[in-house]
Number of protein chains: 2
Amino acid sequence: MKKQAVKLEDVAAVAGVSKTTVSRVLNHRGYLSQATIDKVHQAMQELHYRPNVIARQLFQQKTNLIGLVFPTVDNPFFAQLEAQLDQELYRRGYRVLMGNSQNNPEREEAYLRQLLNGQVDGLIVGAHNEGIKQYRDTQLPVVSIERWVSKDIPVVAADNYAGGKMATQRLLDDGCQHIIHTNYPHGLPSPNLERRRAYEEMMQARHRPAITYEVNFDSTDEEKRAIFNRLFTEHPEVDGIFADNDTNASLIIQVARKRGRHIPHDLKVVGFDGANMTRTLLPELTTVQQPIDEMAKRAVDLLQQRIAGGQTTGSVQLPVQLIDGGTA
Amino acid sequence: MKKQAVKLEDVAAVAGVSKTTVSRVLNHRGYLSQATIDKVHQAMQELHYRPNVIARQLFQQKTNLIGLVFPTVDNPFFAQLEAQLDQELYRRGYRVLMGNSQNNPEREEAYLRQLLNGQVDGLIVGAHNEGIKQYRDTQLPVVSIERWVSKDIPVVAADNYAGGKMATQRLLDDGCQHIIHTNYPHGLPSPNLERRRAYEEMMQARHRPAITYEVNFDSTDEEKRAIFNRLFTEHPEVDGIFADNDTNASLIIQVARKRGRHIPHDLKVVGFDGANMTRTLLPELTTVQQPIDEMAKRAVDLLQQRIAGGQTTGSVQLPVQLIDGGTA
DNA sequence: TTGAAAGCGCTAACAA
DNA sequence: TTGTTAGCGCTTTCAA
């Protein structure tokens, strides 16, 4: 057990005062004479003193750390979301403990097991696994983003249903006769499915078939391209696609072009998410944009309320917006 | 000061043993009779005991946390890099403390001030600011990625010089007569500048002018587009561009198309980075790919050596690879 | 095979 | 205005 080079006690010794006094100087608390303050500061400088954060955390039972549990950060949506969460949390004095689950339930559980042991003051989650009971058992403040976790955990989400309607409506307005949708496999109780529900309801209302191709979040690009190729083979008549996220929309466009389709002439495509990186790399994509930065902010607001003890406000739903690119 | 609901002492009481024994059961250490082990386990279950990580950290003077200091995670290169670092660190039992500096020196210093106080066992940095002396003052193991920090901090980087040559060579091979480069403003001692140096040397060797447009990392897309528009106005003769990163390459292509250029017919473009997200969203971009995953792995290897006490191996340079898209 | 006691570095009652 | 003392929850010598 190596000891930290210089501790508060050493500073006290050098300054010729008690540990309490040094602690007071450190935290600007209580009455101190200027002379003492100076003495202590000087001793600190001399010794290059750095207060030990862990000891403080142990005493205060508070780490000022917030855990982020998401599938991965290597994705336009989550990258922007986590960056913004970090930003918002930083402003409020928190630091971020990152936990990418890779959609692996074991890994998500492993993170939780650790984090719930006093390692963090709160959790913001948006991973894709279900049935992780630990979320329910804990006292820790938790807020979820775009994912339903458990009854008493508030969810911050975009208005996915409205977004699904917008996207479908746009394709209908464009005159598309054969619209196909992509989404996750059924079974994940994600707000994402609201996009699908909106699509299906609109198609049914018009007595058109609702066809959804299911694509796993963590398939490789090649696997996804294969699915989209199958889509075009099985449905050569398709003239409009509403993809449940921009990455898929991009892959669909690539596959379609390879097959000789012209966009938007031959085929119209609408994506979903509208994250920074997609807007930069693929501004021509028409998409339903989620207010990612605002979602981050609201999640942090909610979390802070919970940490402060408010057994608070329920879930939040934020409006989305159709961005005109040119692919629809 | 709220106390943790149930602690080791409570378990000991219920199990009718000492704290020591419970601790031993917890850590599988020392001699224990099966009967005792069972008793303790049962008590733990009964009380829903969760060991306090912070207390353990204080005693062990070790947090199993690694700090990551980068400009932002909302960028294809850093998103992949941080995701991969998280992955590699996780496998070795570490968790990640995220610190996005936003290229803000104050913020970088603030992170460091905190992290260096025993909050993390090591640091992996790749932020863009210089002159942060704290890196030099600390005993903490530090490894840098793609950025020169201080004499005794090892750097993991791609072979940027070779990459710069590859890109320039490709454009020359394509028959480009007027090649322009984009890069950061001079002054940041980043390995990135090796890309520029390679370009300039090759141009000079052929007695052609070397022209570099400087683009800040944290300019907005609009500001960047403005610069690239200026580039085309000032140099209508340009027929090849070597962009120092894929995002800029993408913006350049967008601007060029808006101005009626046809790629690669009229204008050839080579980017740099080849991160996952760019490959997915923009596979048609010809680019020099950095081995990002490998860089992450090597950085973690180096860091682990340092933590283990090895006053180790120096810096590492990894090979890059030209990926054929179609834009050059 | 088990326990008592000291201590990791810091903070806060309480007293002086 | 300052110091004494106890304690945050855990682990580990050392002794039994």
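Throughout, protein chains are lettered first and strands after them, A, B, ... in sequence-line order, and every chain is numbered starting at 1. From a predicted model like this one, the values you see are computed outputs, not experimental measurements.
The backbone N or O of Asp218(A) sits nowhere less than 3.5 Å from a side-chain atom of Asn216(A) that would complete a donor-acceptor pair. Side-chain N or O atoms of Asn104(B) include none that pairs as donor or acceptor with a backbone N or O of Ser101(B) at under 3.5 Å.
Rounded to whole angstrom, the span from the CZ atom of Arg56(B) across to the C1' atom of dG7(C) amounts to 17 Å. The interatomic distance linking Gln57(B) (CD) with dG9(C) (P) rounds to 14 Å, in whole Å. The NZ atom of Lys62(A) sits 19 Å away from the C1' atom of dG9(D) (whole-angstrom rounding). In this structure, the CZ atom of Phe59(B) is 8 Å from the C1' atom of dC10(D), given to the nearest Å. Atom CG of Leu26(A) and atom P of dT2(D) are 16 Å apart (whole Å). In this structure, Leu58(B) atom CG and dC10(D) atom P are separated by 12 Å, rounded to whole Å. In this structure, CG of Leu8(A) is placed 12 Å from P of dG3(D), rounded to the nearest angstrom. Atom CD of Gln60(A) and atom P of dG9(C) are 17 Å apart (whole Å).
Residues from residues 29-41 of chain A lying near DNA chain D, meaning a heavy-atom separation below 4.0 Å, are Tyr31(A), Leu32(A), Ser33(A), Thr36(A) in numerical order. Heavy-atom distances under 4.0 Å link DNA chain C to Lys19(A), Thr20(A), Ser23(A), Arg24(A) of residues 16-25 of chain A, given in residue order.
For residues 81-112 of chain A, the pairs satisfying ring pair (Phe, Tyr, Trp, His ring centres under 6.0 Å) are Tyr90(A)-Tyr111(B), Tyr111(A)-Tyr90(B), with sequence neighbours left out. Among pairs with a residue in residues 8-44 of chain A, none fulfils ring pair (Phe, Tyr, Trp, His ring centres under 6.0 Å), at least two apart in sequence or across chains.
The end-to-end axis angle of the helix from dT1(C)-dA16(D) to dA16(C)-dT1(D), rounded to 10 degrees and based on five pairs per end, is 40°.
OP1 or OP2 of dT11(D) sits under 4.0 Å from a side-chain N or O of Asn27(B).
Applying the ring pair (Phe, Tyr, Trp, His ring centres under 6.0 Å) criterion to Tyr184(B), with sequence neighbours excluded, gives His128(B). Among residues two or more places apart in sequence or in another chain, the side-chain contact (heavy atoms from CB on, under 4.5 Å) test is passed with Arg29(B) by Asn27(B). By the salt bridge (charged side-chain N to carboxylate O under 4.0 Å, His left out) test, Glu82(B) pairs with no residue at all, sequence neighbours left out. Not counting sequence neighbours, the partners of Thr21(B) by the side-chain hydrogen bond (donor to acceptor under 3.5 Å, both in side chains) test are Ser18(B). For Thr63(A), the side-chain hydrogen bond (donor to acceptor under 3.5 Å, both in side chains) partners two or more places apart in sequence, or in a different chain, are Asp121(A). Residues forming a side-chain hydrogen bond (donor to acceptor under 3.5 Å, both in side chains) with Gln34(A) (at least two apart in sequence, or on another chain): Asp38(A). Applying the side-chain contact (heavy atoms from CB on, under 4.5 Å) rule to Gln87(B) yields the partners Gln102(A), Arg107(A), Gln84(B); only residues at least two apart in sequence or on another chain are considered.
Among the nucleotides dC8(C), dT11(D), dC10(C), the one closest to the side chain of Gln61(B) is dC8(C).
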